[in-house]
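What follows is a short report on a single structure.
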Amino acid sequence: MNAIKLLLKSICFKNVLFLFLVSSFSFSVTSCKKDDEAESPAPVAIIPTTYNFENVDYAGQTARLAMLEALETAIKKGATGVSVDAQKLKDMYANTNAPFSDNALNTSGKQLKDKTYAPDQALFESYLDSIAVASNSTMVAGNGVAGIATSSSNSSKKYLLSAKGFDYGALFEKSIMGATFYYQAVGHYLTPDEIGAGVDNTTVTPGKGTAMQHHWDEAFGYLGVPVDFPQNTTGVLFYGKYATETDPATGLAHTLMNAFLKGRAAIGANDMTVKDQQAALIIENWEKLVAAAAIHELNEAKGGFADDAVRNHTLSEGIGFVKALKYNPSKKITETKINAIVDSFGDNLYLVDLSDIAAAIDELSNIYGLNAAKASL
Amino acid sequence: MRQTKFLILCLLPLLLFSCKKKEEKKEQPDFDRKAMLTNIGNNIILPAYSDFSQKSGDLHAKVQDFNKNPGTASLTAVQLAFKNAFLSWEPVAVFGFGPAEQEALRVSLDVYPTDTAQINKNIADGSTNLDGAQNIDAKGFPAVDYLLFGVASDNAGILAKFTTDAQATNRKAYLEAIAAQISTKASAVSNAWASYLNTFVNASGTDVGSSVGILVNQLNYSFEMIKNNKIGIPLGKQTLGNPLPEKTEAYYSGISAQLAVKHEESILNIFLGGSGLGFDDYLTHLKANYNGGSLADAIHTQLSLVKEKLVAIPDPLSVAIVNNMAVVNTAYTELQKTVVLLKSDLSSALGVLITYQDNDGD
């Protein structure tokens with residue numbers, strides 16, 4: 001906002017100087033046109049290349065990304081022979097009983113659970129239970145036996161699998177990225193309730209901007225990227241990682257970042273048309289990113305098909321992403337189709353068909369226009 | 001042509017110089033806030049409570065009639081009394097402060113969806129004690145809504161629940177307890193307002209705790225209740241567009257849309273001060289502008305538009321959100337648009353701070 005104002009001011013000033021000379025002998029003018037010109041929405045003149053706007057705060061999002069990282073670390077201990085306590089994981093999920101080693105997270109007042117799509121919170125807790133159950137096994141994983149599976153090609157790759165081959169840690173992480181980060185961004189912050197005509201874009205709260213700016217920033221916070229993404233990819237998290245990995249084939253990292261920058265600048269310039277266009281672009285392309293991530297993992301499962309550990313782990317990740325597609329209220333794919341893809345893998349990943357994985361990849365790439373890119377994901 | 005251009009060039013600098021904003025409204029005599037509060041208190045709040053108290057009393061009386069003499073006629077009569085009492089609640093539901101806060105009116109009378117399992121448990125236990133957190137959603141209008149309209153699929157079945165059913169006696173006692181509580185609380189608050197009015201009128205500043213400050217906050221809070229609780233949540237705004245019919249305010253009697261209209265009308269009426277001094281006059285006095293027009297007109301127009309869109313929703317709302325989604329969506333969109341007018345434009349024009357918590361924890 002301020003940048004735009006400055007720009008307008010400087011234009012105004014130059015004109016004044018110039019025109020003052022031209023009109024110095026004109027003296028009979030008494031009135032001026034009112035606000036109309038001055039207040040009509042200024043076009044988005046400057047789109048910065050980094051997310052260094054004034055009054056940006058997405059500390060809550062940053063905290064939740066860090067919480068999921070910590071939760072992931074705790075879950076992965078189950079693949080090292082440690083028995084994982086389900087309650088401890090649930091405490092981390094809901095940030096109760098000071099569960100984090102970083103005390104700043106304990107006292108942040110933020111949590112993952114209350115930002116998870118409400119009807120599915122219990123489902124995610126049941127995944128955490130399943131992780132704990134599997135981690136209690138002292139057996140080597142195999143069809144019908146829960147435990148730790150070791151990759152046949154790389155013995156450093158170990159995964160905790162259920163008796164039916166599901167890696168609930170992977171399933172939890174990838175689908176909760178959908179039910180929490182993605183859902184909050186595209187199903188909450190970027191909807192008319194939070195950035196539409198009913199939302200204040202006048203009153204600036206220092207450090208947070210207007211309500212509309214703040215909501216936009218909070219959506220951005222869930223992308224998990226640095227302010228100068230994608231030139232800089234240091235410290236990318238979750239969707240930031242997948243955007244980086246899939247960008248060469250899809251350009252999604254650039255598309256998403258540009259839309260966030262342009263939309264934020266548009267809000268500053270009170271250009272609601274451009275803001276709405278960019279919000280729609282983000283929603284569309286974030287969905288595409290989730291699909292690309294799913295295809296990426298399914299490709300890995302295909303590639304490692306003969307390796308039970310790798311296949312079941314990456315397939316669990318892929319299924320997690322397919323499930324994540326659900327959390328967009330204006331999604332391209334139908335819920336019926338999502339369920340059909342998930343069901344196509346059956347309830348035992350030791351018995352999955354290679355052709356089912358290939359079919360799922362084709363289905364997704366057809367829906368999302370990723371046919372050309374699918375092999376490179 | 002040339003000359004025109006030249007003339008424009010000559011005019012421009014002056015125009016630009018004067019673009020400095022014409023924000024500096026100068027001191028003018030204060031708006032008579034006390035007169036506005038007196039009008040709203042005497043001509044809107046007191047009559048609304050009196051109506052509410054009377055209709056709640058009537059509901060209680062009709063419940064007693066029904067319990068004494070359960071039949072088709074007395075059931076229909078108590079059902080009608082219920083609808084009238086529930087509808088009369090909406091206009092006062094806006095005033096969640098002072099005596100209403102003392103009596104915890106909102107959380108005692110209108111928590112929905114009602115917990116039918118808890119209600120049935122209380123009935124089975126023969127308990128008519130409505131205290132305790134477990135009963136917060138087992139009493140008030142939504143609980144009566146269930147008992148009088150939802151315990152069976154038709155009136156013959158409902159009647160049986162109060163006559164031949166094994167728990168008929170307990171059920172009658174529970175219904176009586178809820179109706180009595182509604183009536184008691186309604187008359188308590190209505191009576192308390194007679195003396196509270198003086199406090200209300202004399203807190204005529206605009207600071208936190210002033211009546212204008214409280215009213216503006218309550219108008220906003222209440223308006224957001226319509227948008228979120230009455231319409232948005234049932235419409236699936238928090239569940240990926242999947243509608244949740246059972247989350248409507250009067251799910252069993254099916255008058256939820258009418259209740260929303262009543263509530264919204266009441267907000268509009270307070271804004272206009274009925275036919276006397278209201279917030280519209282206050283804004284006009286302050287010369288508050290909005291998009292080149294007056295803010296008072298903008299809010300008036302928008303609140304009227306919202307009313308029109310809410311009226312267009314056919315009851316039962318629980319069916320409309322599935323079969324008439326577009327109509328409900330239109331109303332929701334207009335509700336959304338109104339929030340900024342009330343929450344940002346109105347409050348900042350009046351210098352009122354919005355103090356209730358609605359942030360979602362960032």
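In the text below, chain A, chain B and the rest are named by the order of the sequence lines, each starting its count at 1.
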Q) Are B:K230 and B:E264 ion-paired here, with the side-chain N under 4.0 Å from a carboxylate O? A) no

Largest heavy-atom contact set with chain B, pairs under 4.5 Å, which of [options]:
options                        : result
A:G187, A:P192, A:G221, A:G196 : A:P192
A:V199, A:N328, A:D120, A:T202 : A:V199
A:H214, A:Q111, A:K331         : A:H214

Please verify the inter-ring angle class for [X] with [Y]; under 30° counts as parallel, over 60° as perpendicular, anything in between as tilted.
X      : Y      : result
B:Y356 : B:Y221 : perpendicular
A:Y222 : A:Y189 : parallel
A:Y51  : A:F53  : perpendicular

Do the side-chain N and O atoms of [X] and [Y] include a donor-acceptor pair separated by under 3.5 angstrom?
X      : Y      : value
A:Y93  : A:T116 : yes
A:T210 : A:N201 : yes
B:N329 : B:K237 : yes

Q) Once you round to the nearest 0.5 Å, how far does CG of A:L68 lie from CD1 of A:I176? A) 6.5 Å

Q) So what's closer than 4.5 Å to chain B heavy atoms on A:K326: side chain, backbone, both or neither? A) both

Q. A:Y58 versus chain B, heavy atoms under 4.5 Å apart: side chain, backbone, both or neither?
A. neither

Q | Residue pair B:S294 / B:L283, side-chain heavy-atom distance below 4.5 Å | A | no

Q: Write out, in numerical order, the residues from residues 332-340 of chain B with a heavy atom short of 4.5 Å from a heavy atom in chain A.
A: B:Y332, B:Q336, B:K337, B:V339, B:V340

(Q) Is B:D345 in contact with chain A via its backbone, its side chain, both, or neither, using a 4.5 Å heavy-atom distance? (A) neither

